[in-house]
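A short worksheet on the structure shown next.
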Amino acid sequence: MRERTQVGIVGAGPAGLLLSHLLHLQGIDSIVVEARSRAYVENRVRAGVLEQGSVDTLRDAGLDARLRREGLVHEGIQIQIGEHRHRLDLKELTGGKVITVYGQQEVVKDLIAQRLADKGAILFEAEDAAIHDFQGERPRITFTRAQEEGEIACDFIAGCDGFHGVCRASVPPGAITVYDRVYPFAWLGILAKAEPSSEEVIYVNHPRGFALSSMRSHEVARLYLQCRPDEKLELWPDARIWEELHTRLRTEAGDTVHEGAVLEKGVTGMRSFVAEPMRHGRLFLAGDAAHIVPPTGAKGMNLAVADVRVLSAALSAFFREKRTDLLDGYSATCLKRIWRAEHFSWFMTSMLHKFPNEDGFGQRLQRSQLDYVVSSRAAAQSLAENYVGLPFGA
Ligand code: RFL
Ligand code: PHB
């Protein structure tokens with residue numbers, strides 16, 4: 001199979017799929033090449049929090065019919081220190097902004113349905129994808145699918161293939177600078193058919209380690225526990241997970257955790273990572289392919305949305321008006337938002353987790369920061385402004 005398209009996209013996560021749709025709205029054609037099956041990408045449980053700007057982007061792109069019906073609008077979050085919960089009124093602190101809880105896999109399902117309804121090409125189960133000649137005028141993507149060799153000739157390649165993808169790895173090492181930090185803990189996450197502990201997302205700093213209570217609906221809870229980076233899931237039967245959740249989410253008012261059938265269980269490592277620049281000739285990296293944040297700030301999917309918003313506008317200016325300035329500015333424009341999110345995610349992670357081997361000085365600094373965030377309007381306002389997401393163009 002040999003095909004030609006304007007933009008060849010590697011990866012059908014939120015970044016690749018949304019880019020394909022935004023380009024379609026501008027009359028630009030693309031082909032998405034994805035290693036996994038449709039069922040796999042639609043059922044991968046990941047992020048849950050959409051910033052206002054991401055919701056607006058999905059709405060403007062006509063993708064919000066189900067999001068409006070099923071998304072849960074949250075006007076605040078809770079920070080729990082020991083057994084005491086404090087509410088941060090995001091809406092009041094940010095002059096009216098809110099977040100929406102809607103699973104990443106639901107965003108992905110909506111995007112795939114829309115691309116297929118628009119006759120968009122998504123090549124699932126494409127193995128051994130490789131990218132070629134992106135330093136020249138005629139880049140190519142090759143792959144194998146159903147035992148057949150495939151090749152896509154394109155004007156540009158969008159590397160939307162996540163942290164472990166092939167696109168970033170195809171850039172000569174000397175051309176990329178990596179900044180990263182690995183944290184000495186991970187998250188054990190479950191999805192459970194159970195009533196959430198609260199109507200809002202709760203971030204807990206507990207002497208036994210961090211915990212997070214979130215949800216996907218009024219009947220499905222999403223819960224996380226800080227664990228060891230090399231944690232073995234077999235050591236965590238459901239009963240042990242629930243016991244630990246009861247302990248860490250307990251408040252002065254008592255137990256707040258409702259148990260239910262565990263639908264999914266997994267361990268997620270925590271790291272901060274940025275690869276600069278995000279453009280290499282005619283290759284543009286977007287989303288997790290270029291940067292990772294620890295999930296404590298709920299920024300990963302939102303950054304993926306922001307990147308492809310910038311990229312689709314830049315590609316559109318190129319195809320319509322032969323303008324190259326927006327493509328030239330892509331990396332710098334995105335990196336400004338990315339570094340703010342990197343800082344915020346590192347800040348939330350540092351403030352909320354128990355660091356192994358932390359000395360008394362470090363523990364007291366952390367406690368002081370927590371007390372400051374829940375008692376000072378200025379500190380709460382800064383956290384809230386970052387959490388709901390900074391405006392585009394800022
Ligand atoms: P994805 O979603 O990883 O998609 C990349 C796609 O590329 C495919 N792929 C390949 N295809 C072809 N050839 C290859 N060689 C390929 N290699 C990979 C993959 O199969 C996949 O389909 O990247 P994208 O689109 O950049 O999206 C990024 C987000 O997925 C990620 O940042 C978020 O999930 C992070 N995240 C959160 N982000 C938020 O904004 N809010 C949250 O509340 C939030 N919570 C989270 C999170 C991530 C978590 N985990 C599991 C890492 C909570 C967790 C637990
Ligand atoms: C989630 O609902 O999965 C979630 C919420 C907040 C986070 C991370 C994940 O910071």
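Just the heavy atoms: all of them, side chains too, but no hydrogens, waters or symmetry mates, feed the values below.
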Any luck finding a side-chain donor-acceptor pair between [X] and [Y] under 3.5 Å?
X    : Y    : answer
T251 : R85  : no
D118 : Q114 : yes
S272 : Y183 : yes
D307 : H291 : yes

Kindly give the heavy-atom pair with the smallest separation between [X] and [Y], and that separation in Å.
X    : Y    : result
A341 : V293 : O-CG1, 4.1 Å
V32  : G11  : CG1-O, 3.6 Å
A304 : A15  : CB-CB, 4.0 Å
P356 : F185 : CD-CD2, 4.4 Å
S197 : L249 : OG-CD1, 4.1 Å
L67  : V55  : CD2-CG1, 4.3 Å

Are any of the side-chain heavy atoms of [X] and [Y] separated by less than 4.5 Å?
X    : Y    : answer
Q369 : F347 : yes
Y102 : L58  : no
V220 : L191 : yes
V166 : F143 : no
V7   : I9   : yes
D371 : I81  : yes
D288 : L303 : no
F156 : P139 : no

Would you say the side-chain atoms of [X] pair up with the backbone N or O of [Y], donor to acceptor, closer than 3.5 Å?
X    : Y    : value
Q381 : A378 : no
T333 : G329 : yes
Y387 : S382 : no
D325 : A317 : no

Basic-acidic side-chain contact under 4.0 Å: [X], [Y]:
X    : Y    : value
D89  : K91  : no
D155 : R4   : yes
R337 : E51  : yes
K265 : D238 : yes
E151 : R2   : yes
K97  : E385 : no

List the residues meeting ring-ring contact (aromatic ring centres under 6.0 Å, His included) with F210, not counting sequence neighbours, and say none if there are none.
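ring-ring contact (aromatic ring centres under 6.0 Å, His included) check on F210 returns W187, H353.
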
Taking only residues two or more places apart in sequence, or in another chain, which ones meet H343 in a ring-ring contact (aromatic ring centres under 6.0 Å, His included)?
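With sequence neighbours excluded, H343 shows a ring-ring contact (aromatic ring centres under 6.0 Å, His included) to W346, given in chain and number order.
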
Could you identify which residues cluster with L365, counting Ile, Leu, Val, Met, Phe, Trp and Tyr as linked when any side-chain heavy atoms lie under 4.5 Å apart, either directly or through a chain of such contacts?
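Taking Ile, Leu, Val, Met, Phe, Trp and Tyr as members, L365 shares its hydrophobic cluster with F361.
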
Going by salt bridge (charged side-chain N to carboxylate O under 4.0 Å, His left out), name the pairs with one or both residues in residues 183-201, residues two or more places apart or in two chains.
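Counting only pairs at least two positions apart or across chains, the salt bridge (charged side-chain N to carboxylate O under 4.0 Å, His left out) contacts touching residues 183-201 are R87-E200.
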
Please list all pairs meeting salt bridge (charged side-chain N to carboxylate O under 4.0 Å, His left out) that have one or both residues in residues 208-217, counting only residues at least two apart or in different chains.
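For residues 208-217: R208-E244.
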
Shared hydrophobic cluster for [X] and [Y] (ILVMFWY, side-chain gaps under 4.5 Å):
X    : Y    : result
V98  : L50  : no
Y330 : F319 : yes
V374 : V204 : no

Walk me through whether N386 and M348 qualify under side chain to side chain contact (heavy atoms under 4.5 Å, CB included).
CA-CA 10 Å; N386 281 279; M348 290 286 279; over 6 Å; no

Under 6.0 Å from the ring centre and within 45 degrees of the ring axis: does the NZ or CZ of [X] meet both conditions for the six-membered ring of [Y]?
X    : Y    : value
R168 : F163 : yes
R309 : F392 : yes
R279 : F284 : no

Could you tell me if the ring centre of F273 sits under 6.0 Å from that of Y179?
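Here the rings of Y179 and F273 have centres that are no less than 6.0 Å from each other.
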
Establish, yes or no, whether a centroid distance under 6.0 Å links the rings of F124 and Y40.
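No, the ring centres sit 6.0 Å or more apart.
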
The test is side-chain hydrogen bond (donor to acceptor under 3.5 Å, both in side chains); show your working for Q226 and H206 and say whether it passes.
CA-CA 10 Å; Q226 176 180 346; H206 190 275; over 6 Å; no

For salt bridge (charged side-chain N to carboxylate O under 4.0 Å, His left out), just list the numbers for E42 and R38, CA-CA rounded to whole Å, side-chain angles, deciding distance to a tenth of an Å, and then say yes or no.
CA-CA 6 Å; E42 287 190 342; R38 178 177 179 184; 3.0 Å; yes

Quick one: do S30 and S20 satisfy side-chain hydrogen bond (donor to acceptor under 3.5 Å, both in side chains)? Show the steps, please.
CA-CA 6 Å; S30 64; S20 178; 3.0 Å; yes

So does R181 have more than 12 non-hydrogen atoms from other groups sitting under 6.0 Å from CZ?
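Counting other residues, nucleotides and ligands, CZ of R181 stays at 12 neighbours or fewer.
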
Could you go through residues 128-138 and list every donor-acceptor pair under 3.5 Å that involves a side-chain atom there, pairing it with any protein atom two or more places apart or in another chain?
unit_1, atom_1, unit_2, atom_2, d
H132, NE2, T142, OG1, 2.7
D133, OD2, R140, NE, 3.3
D133, OD2, R140, NH2, 3.3

Just verifying a value: how many Å separate L22 CG and L25 CG, rounded to the nearest 0.5 Å?
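If we round to the nearest 0.5 Å, L22:CG and L25:CG are 6.0 Å apart.
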
Look up atom CD in E358 and atom OG in S350, then write down how far apart they are to the nearest 0.5 Å.
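Interatomic distance, E358 CD to S350 OG, rounded to 0.5 Å: 9.5 Å.
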
Could you go through the side-chain hydrogen bond (donor to acceptor under 3.5 Å, both in side chains) check for R248 and Q80 one step at a time?
CA-CA 9 Å; R248 297 192 198 175; Q80 183 175 329; over 6 Å; no

Testing R69, R46, R66 for salt bridge (charged side-chain N to carboxylate O under 4.0 Å, His left out) with E106, which one passes?
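It is R66; the other options fail the test.
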
